[in-house]
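Index from 1, following the sequence.
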Amino acid sequence: MLNAVPFALTAALLAPTTPAAADPVRTVAEETVAAGATGVQIRTVHDGHSRTVTAGVSELDSRRPVSPTGRFRIGSTTKTFVATVVMQLVAEHRIQLDTPVEHYLPGLLPRGKEITVRMLLQHTSGLYNYLRAISLDGADLEKVRYQHFSPESLVAIATARPLDFPPGSKFSYSNTNYTVLGMLIERTTGHAWGDAVTKRILRPLGMHHTLVPGDRTRIPGKHAHGYQEMNGKLVDVTELNPSFGGAAGEMISTTADLDKFVQALAAGRLVPPPLLKQMTTPRSAAEEYGLGVETRTTPCGIPVFGHTGGIPGYGTIAFTSADGKRRVEASLTFGRGPANDAFYSLIDKVICA
């Protein structure tokens, strides 16, 4: 669900923070806005001390500042919620990581006997990414902005194409993997994946401002507006039907709620430690994706894990150190989604500040 970012924004985030800056986190926020972002909110936790910094405006042509408690679309950060539920079902012996998908969802995938649950979680299934066939770029977004996409229709788009590579042979990020995982959760629990996330994660952690919107097009409550460039102009794309994201990227949250989530995950409150270890361990040293989480070692030597997210108008970060003592959650709103290098630079600067 990640899109391209303006070069100026990428360059600003990659630029070194001034050593003399009294507040490195605020400096990063202001650099991001100066480079073209509409607004940003960054929540940090260092050794139990939390704060939220905002910069920019919540809406173009408005002086209203970004709310430090506002909601936003979290895009692919949704994947870590879905992966967490799957791992809970693994802990309950209702799903096995190395069992073929065909066992749980017979007939869904052409090579379902070769693709395992683990391959879906770590993006090694080879399944074609359906978003390569549904353009969300520029004015193309208007063609599908309010369209409903069922999980079955998204999987059908993917399975109409051949696999990108033999299952398990390499890594390639594909939203189709998590659409299938959402269907797997529903088949296993008897409840939609969003209901399972709500019951198993949101309610127990008191994440009262997080929701799975389905076909609802609006973001309820306080929120900054997101924009996308269309024919040279920035168009407000805050309202859209996020069903094209589904279990791969449709959720809405806040930085405070995301902090509850990554803190609980790091503490082993959501997934037993042995399974959390599998989630946070990439398949090889050359890869940085485990089972539903991205991993990274920051320049100051602190390892972190979490997920980035991008959906038209919004970019999200939610990462924690392995011990949970340092965490960062951020929402950026602008005309194009954030690039990975820009996001990871922000993570590095905040974690190492």
Are [X] and [Y] close enough that some pair of their side-chain heavy atoms sits under 4.5 Å apart?
X	Y	result
Glu250	Trp193	yes
Leu89	Arg200	yes
Asp23	Arg51	yes
Phe261	Thr84	yes
Ile74	Thr210	no
Thr189	Lys199	no
Ile42	Thr255	no
Pro274	Gln278	no

Is it true that the side chains of [X] and [Y] contain a donor and an acceptor less than 3.5 Å apart?
X	Y	value
Asp257	His209	no
Thr78	Tyr178	no
Glu294	Thr308	yes
Gln96	Thr99	yes

Results of salt bridge (charged side-chain N to carboxylate O under 4.0 Å, His left out) for [X] - residues two or more places apart only:
X	result
Arg132	Asp164
Glu287	Arg283
Asp47	none

Check [X] against [Y] and note the closest heavy-atom contact, atom names and distance.
X	Y	answer
Ile317	Ile347	CG2-CG1, 3.6 Å
Ala133	Ile157	CB-CG2, 3.7 Å
Ser243	Leu154	O-CD1, 3.8 Å
Leu121	Leu97	CD1-CD2, 3.6 Å
Met251	Pro213	CA-CD, 4.1 Å
Ala353	Pro24	CB-CB, 4.1 Å

Quiz item: Residues two or more places apart in sequence or in another chain: which of them pass side-chain contact (heavy atoms from CB on, under 4.5 Å) with Arg203?
Solution: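 Scan of Arg203 (side-chain contact (heavy atoms from CB on, under 4.5 Å), adjacent residues dropped) gives Thr198.
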
Do any N or O atoms from the side chain of [X] and from the backbone of [Y] form a donor-acceptor pair under 3.5 angstrom?
X	Y	answer
Thr116	Pro100	no
Thr80	Gly292	yes
Arg145	Glu239	yes
Gln228	Gly138	yes
Ser125	Met119	no
Lys222	Thr69	no
Arg187	Tyr104	yes
Thr188	Leu184	yes

Quiz item: For the side chain to side chain contact (heavy atoms under 4.5 Å, CB included) test, which of Lys113, Glu114, Arg111 pairs with Glu102?
Solution: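 The residue from Lys113, Glu114, Arg111 that satisfies side chain to side chain contact (heavy atoms under 4.5 Å, CB included) with Glu102 turns out to be Lys113.
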
Self-check item: Flag if over 12 foreign heavy atoms under 6.0 Å of CZ, Arg218
Solution: no

Transitive ILVMFWY side-chain link [X] to [Y], under 4.5 Å:
X	Y	result
Tyr128	Val180	no
Val66	Val25	no
Val45	Val28	no
Leu275	Val197	yes
Tyr173	Leu127	yes

Practice problem: Please work out whether the ring planes of Tyr289 and Phe171 are parallel, tilted or perpendicular, with thresholds of 30° and 60°. | Solution: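 Tilted.
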
Quiz prompt | Within residues 235-334 or reaching into it, pairs that qualify as disulfide bond (SG atoms under 2.5 Å apart) - sequence neighbours excluded | solution = Cys300-Cys352

Self-check item: Sequence-distant partners of Phe72, ring-ring contact (aromatic ring centres under 6.0 Å, His included), two or more places apart
Solution: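 Applying ring-ring contact (aromatic ring centres under 6.0 Å, His included) to Phe72 gives none.
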
